[in-house]
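Here's the structure we're looking at; comments come further down.
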Amino acid sequence: MIDSHVKTLQNNIVEKYNWYKDITIEKNLFTPVNSFSNKLPFESAEFIRNAWNLIMKNNRLSDRLSLYVHIPFCYKTRCHYCMYYALIKHDTNLIDLYVQYLIDNITYFEPVFAKSTFESLYIGGGTPSLLNEDQLSKLLTKINDFRFHPSSEKTYEQSILTTSKEKIELLKNFGISRLSFGMQSIEPNVLKKVNRAYADEQKIREIIGYAKKTGFGEINIDLMIGLPEETSQGLRDGIQVAYEAGADCITVYIFRHLKHHMDQLDSARKKTIVNYNKEHVPEMLKVAREKVAEIGWVDTVEDDNTEYQYFTSDEHLREYSLSGYRTQPDSEYGNNTVGFGHSSFSYAQDFFRYECREKKYAFNPKSKSYVFDMVYKNDRQRIYTIEKLNRDRYVDLNQFLDLFGEKFEDVFNQEINEILYLERCKIDKKQFRLTSSDRIEHAALSKFFWNQEYLKQLI
């Protein structure tokens with residue numbers, strides 16, 4: 001009877017593991033989506049501001065904040081791989097209205113953070129470089145009403161096709177310290193496959209070169225691997241062009257097959273997705289690593305299972321203080337982000353979070369345009385664990401104990417034993433580490449730590 005019970009438990013573990021692998025492939029659930037359920041309550045900016053007032057009475061957070069501003073417009077096309085809220089709009093009047101909406105929104109919340117000093121700024125999209133010089137000046141003037149640490153990183157996302165030397169100079173004058181250019185690929189036919197406009201090599205060299213001369217702390221180029229019909233030589237050429245143009249670093253992202261694409265795939269096509277993640281992605285990462293080694297740069301993320309790779313020179317790594325999305329979440333203070341703009345996310349110590357679902361272009365503090373959620377201790381433990389596994393493949397047991405006041409082994413005893421049974425992890429006095437063999441398996445194993453009700457909602 002006991003043997004039968006044990007056998008049933010073992011079968012259940014294997015079934016769960018196989019199911020996790022299946023939904024990883026079918027629904028593209030490689031990392032926690034952390035999306036907001038439509039069942040969450042809607043509240044007004046007035047409600048959100050009152051909540052922040054209560055939170056900011058905790059002075060420990062006053063200099064632990066990051067600022068995010070979303071610009072939701074794109075020019076002519078929307079890239080097939082994009083997961084973010086963006087509109088194909090470039091009407092000057094509409095963007096004028098949106099910039100004023102942002103200014104009014106920021107002005108309303110500004111008193112809450114009057115005594116705060118922000119650690120970083122990130123202006124993303126969409127395509128933020130669609131803003132003209134007048135719109136840029138108005139928005140950045142308002143943003144600079146906030147206080148920032150002298151060494152804070154201030155990033156502005158750029159498109160080669162929609163920026164200019166004048167805009168680059170303006171950004172520098174307003175204190176932007178980091179520019180991030182989305183190139184994705186140097187191959188025109190590859191970009192066409194994902195509905196992305198092509199910037200020729202001469203234009204890339206001209207714009208990046210000028211930005212370099214202007215004196216920003218970091219010039220980043222985004223590339224993507226796994227794009228349809230890409231070639232190894234195309235990836236090598238993209239890295240070479242970025243390097244020769246004057247980029248300080250290259251961030252390489254993994255192409256994600258979005259859910260609406262996956263739902264249309266037959267079983268044969270899904271098999272190619274497996275091969276893509278097990279064979280193609282590692283092979284292209286190998287090509288990228290060989291190429292950056294050739295130009296004398298280093299790989300700062302050696303694992304194949306992360307969502308991005310960050311390549312740079314030893315010199316830049318020593319001299320430039322990395323911050324923001326490339327660093328670990330603060331283990332003591334958590335994620336503290338104040339977001340402005342349509343679809344922006346905000347967090348307070350990972351226990352209070354909200355998303356702006358406004359679609360209008362006039363700010364109204366009483367309009368119920370925000371969904372909010374309280375993230376309780378058990379889910380914070382899960383989110384922390386999954387983020388650590390996806391960034392590092394391991395959880396620091398002492399850090400977990402310091403952060404939550406409980407032992408990792410006690411909180412996740414069942415999950416650990418299930419993965420141990422599968423022989424896919426190692427645990428000692430310092431670390432719990434996954435020993436997955438590829439991206440799909442890594443993503444499947446991380447799902448043992450997901451909130452299962454939340455997981456079912458996503459699929």
Side-chain angles (χ1 to χ4, degrees), residues 30-32 66 119-120 122 124 151-158 177-186 208 211-212 216-226 232 235-256 277 281-331 335 384 386-396 399 430-431 433-436 438-439 442-443 446:
F30 279 89
T31 57
S66 296
E119 289 187 309
S120 66
Y122 197 101
S151 61
S152 62
E153 182 180 82
K154 297 180 179 179
T155 297
Y156 200 94
E157 286 188 348
Q158 294 275 87
S177 58
R178 179 177 183 269
L179 297 183
S180 184
F181 291 87
M183 189 165 84
Q184 315 313 344
S185 175
I186 199 71
I208 301 302
K212 181 69 173 178
F216 291 87
E218 180 171 278
I219 306 294
N220 173 70
I221 294 286
D222 285 347
L223 293 175
M224 188 169 283
I225 62 173
S232 297
L235 177 57
R236 292 188 186 95
D237 291 345
I239 292 172
Q240 187 69 34
V241 168
Y243 169 71
E244 291 179 353
D248 299 297
C249 56
I250 296 171
T251 306
V252 175
Y253 291 92
I254 312 300
F255 173 62
R256 291 168 62 93
N277 282 283
V281 169
E283 181 60 31
M284 293 300 285
L285 285 174
K286 181 181 177 183
V287 169
R289 289 176 178 133
E290 289 174 350
K291 182 59 185 178
V292 296
E294 180 184 310
I295 64 176
W297 282 11
V298 295
D299 179 6
T300 67
V301 185
E302 295 180 356
D303 197 286
D304 283 3
N305 299 308
T306 57
E307 286 295 291
Y308 67 87
Q309 310 292 128
Y310 178 75
F311 302 114
T312 188
S313 66
D314 277 322
E315 181 183 12
H316 185 67
L317 204 56
R318 285 194 304 270
E319 296 180 356
Y320 186 76
S321 178
L322 299 184
S323 63
Y325 68 94
R326 291 159 298 171
T327 56
Q328 292 294 324
D330 192 305
S331 60
N335 182 0
Y384 169 85
I386 296 164
E387 286 183 345
K388 290 290 288 184
L389 291 176
N390 280 311
R391 282 177 177 262
D392 299 330
R393 270 195 173 183
Y394 72 86
V395 175
D396 184 312
Q399 190 179 71
K430 294 183 178 180
Q431 290 182 353
R433 178 179 291 274
L434 293 180
T435 56
S436 43
D438 57 60
R439 295 183 75 230
H442 182 85
S446 79

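It should be emphasised that the depicted structure is a prediction, and the values quoted were computed from it without experimental measurement. Nothing fancy with the numbering, it's 1 onward along the sequence.
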Nearest non-hydrogen partners of S232 and M284, listed with the distance: OG-SD, 3.9 Å

Could you tell me the separation between the CG atom of L389 and the CG atom of L434, rounded to the nearest 0.5 Å? 4.5 Å

Do K286 and D304 meet the salt-bridge criterion of a basic N to acidic O distance under 4.0 Å? no

Where the side chain of T300 meets the backbone of Y310, is there a donor-acceptor pair that is under 3.5 Å apart? yes

Can you tell me how far CD of Q158 sits from CE of M183, rounded to the nearest 0.5 angstrom? 15.0 Å

Look only at the side chain of S446 and the backbone of I386, and say whether a donor-acceptor pair between them is shorter than 3.5 Å. no

Atom of L179, atom of A211 and distance for their closest heavy-atom approach: CD1-CB, 3.9 Å

Taken in chain and number order and not counting sequence neighbours, the residues that satisfy side chain to side chain contact (heavy atoms under 4.5 Å, CB included) with A247 are I221, A242

Side chains of Y253 and Q184: do they bring a donor and an acceptor to under 3.5 Å? no

Give a yes or no on this: more than 12 heavy atoms of other residues, nucleotides or ligands lie within 6.0 Å of atom OH of Y243. no

Which atom names give the shortest non-hydrogen contact between F216 and R178, and what distance separates them? CD2-N, 4.2 Å

Quick one: list whatever passes side chain to side chain donor-acceptor pair (under 3.5 Å) with D396, sequence neighbours left out. none

Between the OH atom in Y308 and the CD1 atom in I254, the distance rounded to the nearest 0.5 Å is 12.0 Å

Nearest non-hydrogen partners of S180 and T155, listed with the distance: CB-CG2, 4.3 Å

Here the gap from N220 atom CG to H316 atom NE2, rounded to the nearest 0.5 Å, amounts to 8.5 Å

Stepwise side chain to side chain contact (heavy atoms under 4.5 Å, CB included) test for F181 and I208: CA-CA 8 Å; F181 291 87; I208 301 302; 3.4 Å; yes

State which residues pass side chain to side chain contact (heavy atoms under 4.5 Å, CB included) with Q309; sequence neighbours excluded, sorted by chain then number. V252, L285, R289, D299, V301, T306, F311

Going through the distances and angles, do I250 and W297 end up as a side chain to side chain contact (heavy atoms under 4.5 Å, CB included)? CA-CA 10 Å; I250 296 171; W297 282 11; 3.6 Å; yes

Answer yes or no: are there more than 12 heavy-atom neighbours, outside E244 itself, under 6.0 Å from its atom CD? yes

Could you grab the distance from atom CG of L235 to atom CD of Q240, nearest 0.5 Å is fine? 11.5 Å

Give the intermediate values and the outcome of side chain to side chain contact (heavy atoms under 4.5 Å, CB included) for residues E153 and Y320. CA-CA 10 Å; E153 182 180 82; Y320 186 76; 2.6 Å; yes

Is the backbone of K154 close enough, under 3.5 Å, to the side chain of S177 for a donor and an acceptor to pair up by distance? yes

Minimum heavy-atom separation for N305 and D438, please, with both atom names. OD1-C, 3.2 Å

Before you tell me yes or no, could you show the steps for Y384 and V395 under side chain to side chain contact (heavy atoms under 4.5 Å, CB included), namely the whole-Å CA-CA distance, both residues' side-chain angles and the distance that decides it to 0.1 Å? CA-CA 9 Å; Y384 169 85; V395 175; 4.3 Å; yes

In terms of heavy-atom contacts, R236 and K291 come closest through O-CE, 3.6 Å

